[in-house]
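As structure tokens, the structure follows; a few thoughts come after it.
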Amino acid sequence: MSKTSELIFAPERDQPIRYMDRTRSYYLGLGYENPYVWAHYIDVPFTLLKKPLAQSVLGLITTAVPHDPSKGPQGQGAPYNAAAKFYQPYQQSIEGGIDLRIAHVGVDRKNANMEDSNCWFPLDAAKRALAAGRIGAVSANFYGLPTNRSQHHTLEVDAPRILEMLKADGVDVAVLIPNCPICHQGQSLLARYLEAAGISTVVTGAAKDIVEYCGVPRLLFSDFPLGNAAAKPNDVSSQDLNFELALRLLESAPAARTTVQSPLVWSVDPLWKLDYSNLEKMSSQEILRLREEAEQARITARELRVNSLGT
């Protein structure tokens, strides 16, 4: 066979990261014996747009949190910061100073950008779409969904509260942007809940396996590091392209479980995909340190949850 006729394939590792497998192996390696059970559904609710996007009010739902300097490091290079977690859904005006951070969740700290909030919160792209007449309005507020491991709490407490906020603001369609693995599950559960209530949704995420395993109406998948699902850092064209793809998906999805992959490429070298929660790249000393840090973070998060929710 001549060289010109040989098949040239992409590297095997250049495929979406299997985050459920990766996180399961990671926590088993840290000594936690009971693997997390991810949400999984067969049937998926689906609501077609009730009116054109140019006449619709669009709401943004994030798992990022407003910056509070008293809660420790939360900028670029910040370690996992459980003290910055939140356990109550919130809403905040889209006007004025907005400073959202993602240090409280398990993003890809080696590869993701933690300074350019456009990477995880596409408000600027939404406002540009509004100016172009692509959408009728951006809701007066954006909304924060807590990152909660309890699927029951997300569905029974947080999702109804978010729905109340959206209805009060007249939201017709919602774009949900998760960050960490559990964020992807939480936003997927919320998308299902909102869709059943008549609000059309699209999840713009980076953990394809978690979202599709849960089962959502629409997913815009970006093969980017966790924490940067909305865009590439400091790249307005990528912000606008991904947001436009999300809008098109809202308009054109024929049925539930419709996934569109963004054509944007994070890096020509896919080696970054081997970094996140990969014990094979860590020494025994580093694994021990991570185990101690995970246990301390668990204690901190539990205390914060109790203080916030009473449970």
CG/Asn34: more than 12 non-hydrogen atoms of other groups inside 6.0 Å
no
For Ala64 against Ile102, the heavy-atom pair lying closest together:
CB-CG2, 3.9 Å
What pair of heavy atoms forms the shortest contact from Ser93 to Ile98, and how long is it?
O-CD1, 3.6 Å
Out of Leu250, Val260, Thr259, Thr204, which one pairs with Arg218 under the side-chain contact (heavy atoms from CB on, under 4.5 Å) rule?
Leu250
Should Val44 and Arg192 count as side-chain neighbours, where that means a heavy-atom distance under 4.5 Å?
yes
For residues Ala206 and Ala229, report the shortest heavy-atom separation together with the two atoms involved.
N-CB, 3.8 Å
Determine whether a donor-acceptor pair (N or O, by modelled atom type, separation under 3.5 Å) exists between the side chain of Ser200 and the backbone of Thr47.
yes
Roughly how far, to the nearest 0.5 Å, is CZ of Phe221 from CD of Glu212?
8.5 Å
Please test Thr62 against Leu60 for side chain to side chain contact (heavy atoms under 4.5 Å, CB included), starting from the C-alpha separation and ending with a verdict.
CA-CA 7 Å; Thr62 181; Leu60 296 175; over 6 Å; no
Shortest non-hydrogen pair, Leu304 vs Ala82, comes out as CD2-O, 3.7 Å
Same cluster or not: are Leu145 and Val65 linked, directly or through other Ile, Leu, Val, Met, Phe, Trp or Tyr residues, by side-chain heavy atoms under 4.5 angstrom apart?
no
Step-by-step ring pair (Phe, Tyr, Trp, His ring centres under 6.0 Å) determination, Tyr276 to Tyr26:
CA-CA 10 Å; Tyr276 184 81; Tyr26 179 76; 7.6 Å; no
Less than 4.0 angstrom from a charged side-chain N to a carboxylate O is my criterion; do Glu292 and Arg289 meet it?
no
Evaluate whether atom NE2 of His40 has more than 12 neighbouring non-hydrogen atoms of other residues, nucleotides or ligands under 6.0 angstrom away.
yes
Within the distance-only criterion (no hydrogens, no angle test), does the side chain of His184 pair as donor or acceptor with the backbone N or O of Lys208 below 3.5 angstrom?
no
For the aromatic rings, using the six-membered ring if either is Trp, is the centroid distance between Trp266 and Phe224 under 6.0 Å?
yes
Take a 6.0 Å sphere around CG of Asn307 and say whether it holds more than 12 heavy atoms from other residues, nucleotides or ligands.
yes
Phe243 vs Arg134, test: side chain to side chain contact (heavy atoms under 4.5 Å, CB included). Steps then yes/no.
CA-CA 11 Å; Phe243 199 77; Arg134 193 69 176 85; over 6 Å; no
Under 3.5 Å, is there a donor on one side chain and an acceptor on the other for Tyr143 and Asp169?
yes
Proximity of Phe142 and Phe121 rings by center, below 6.0 Å
yes
Are Met20 and Val216 joined in one hydrophobic group, where the rule is that I, L, V, M, F, W and Y side chains link up if heavy atoms are under 4.5 Å apart?
no
Which heavy atom of Leu245 sits nearest a heavy atom of Pro263, and at what distance?
CD1-CD, 3.7 Å
Side-chain touch Trp38/Ile210, heavy atoms, less than 4.5 angstrom:
yes
For the pair Thr63 and Gln187, evaluate side-chain hydrogen bond (donor to acceptor under 3.5 Å, both in side chains) and give the outcome as yes or no after the intermediate values.
CA-CA 8 Å; Thr63 57; Gln187 292 278 43; 5.1 Å; no
d(Asn228 CG, Ser222 OG) to nearest 0.5 Å is 10.0 Å
Is any side-chain heavy atom of Leu189 less than 4.5 Å from a side-chain heavy atom of Cys214?
yes
With the threshold set at 4.0 Å, does a side-chain nitrogen-carboxylate oxygen contact exist between Glu295 and Arg298?
yes
How many angstroms lie between atom CG of Leu176 and atom CG of Leu219, to the nearest 0.5 angstrom?
11.0 Å
Quick one: do the Glu156 and Tyr193 side chains pair a donor with an acceptor below 3.5 Å?
no
Modelled atom types, side-chain donor and acceptor of Gln185 and Arg149, under 3.5 Å
no
Leu220 vs Val203 side-chain heavy atoms within contact, under 4.5 Å:
no
Which distance, rounded to the nearest 0.5 Å, do you find between the CD of Gln88 and the OG of Ser308?
4.0 Å
Around atom NZ of Lys281, are there more than 12 heavy atoms from other residues, nucleotides or ligands closer than 6.0 Å?
yes
Taking side chain as C-beta onward, heavy atoms only, is Pro89 less than 4.5 Å from Met165?
yes
Give a yes or no on whether the backbone of Gln74 and the side-chain of Asn81 come within a donor-acceptor separation of less than 3.5 Å.
no
So, Asp21 and Arg24, do they make that salt bridge, N to O below 4.0 Å?
yes
Is it the case that the side chain of Ser267 and the backbone of Pro270 share a donor-acceptor pair, with hydrogens and angles ignored and the cut-off at 3.5 Å?
no
With no hydrogens and no angle check, is any side-chain donor or acceptor of Ser25 less than 3.5 Å from a backbone partner on Arg22?
no
Are Asp209 and Arg18 ion-paired here, with the side-chain N under 4.0 Å from a carboxylate O?
no
Tell me, do Val105 and Ile182 make a side-chain contact under 4.5 Å, heavy atoms counted?
no
Are Tyr41 and Tyr213 an aromatic pair by the rule of ring centers under 6.0 Å?
no
d(Leu194 CG, Ile199 CD1) to nearest 0.5 Å is 5.0 Å
Got a second to check how far Cys119's SG is from Met114's CE, nearest 0.5 Å?
11.5 Å
I would like to know whether Ile162 and Ile61 meet side chain to side chain contact (heavy atoms under 4.5 Å, CB included); could you show each step before the answer?
CA-CA 9 Å; Ile162 294 287; Ile61 306 174; 4.1 Å; yes
Would you please test Asp68 and Arg101 for salt bridge (Lys or Arg N to Asp or Glu O under 4.0 Å) and show each step?
CA-CA 9 Å; Asp68 182 347; Arg101 304 295 178 95; over 6 Å; no
Going by atom types only, do Arg305 and Asn148 share a side-chain donor-acceptor pair under 3.5 Å?
yes
Does some side-chain heavy atom of Trp272 sit less than 4.5 Å from a side-chain heavy atom of Asp108?
yes
Please determine whether side chain to side chain contact (heavy atoms under 4.5 Å, CB included) holds for the pair Gln55 and Ile135, giving the CA-CA distance in whole Å, both sets of side-chain angles, and the decisive distance to 0.1 Å.
CA-CA 6 Å; Gln55 301 172 17; Ile135 54 180; over 6 Å; no
If you define the side chain from C-beta out and look only at heavy atoms, does anything of Arg109 sit under 4.5 Å from Tyr80?
yes
I'd like to know if the side chain of Glu195 and the backbone of Thr201 have a donor-acceptor N/O pair within less than 3.5 Å.
yes
For Leu130 and Gly136, work out which heavy atoms get closest and say how close.
CD1-O, 3.4 Å
Given 3.5 Å as the limit, does a donor-acceptor pair link the side chain of Lys50 with the main chain of Gly198, or not?
yes
In terms of hydrophobic clustering (I, L, V, M, F, W, Y; side-chain heavy atoms under 4.5 Å; direct or indirect links), are Leu274 and Ile287 co-clustered?
no
For Asp14, is there an ion pair with Lys273 - N to carboxylate O distance below 4.0 angstrom?
yes
Ignoring hydrogens and angles, state whether a donor on the side chain of Asp116 or Asn113 is under 3.5 Å from an acceptor on the partner side chain.
no
Can you see whether Asn141 engages Ser139 through a side-chain donor-acceptor pair at a distance of less than 3.5 angstrom?
no
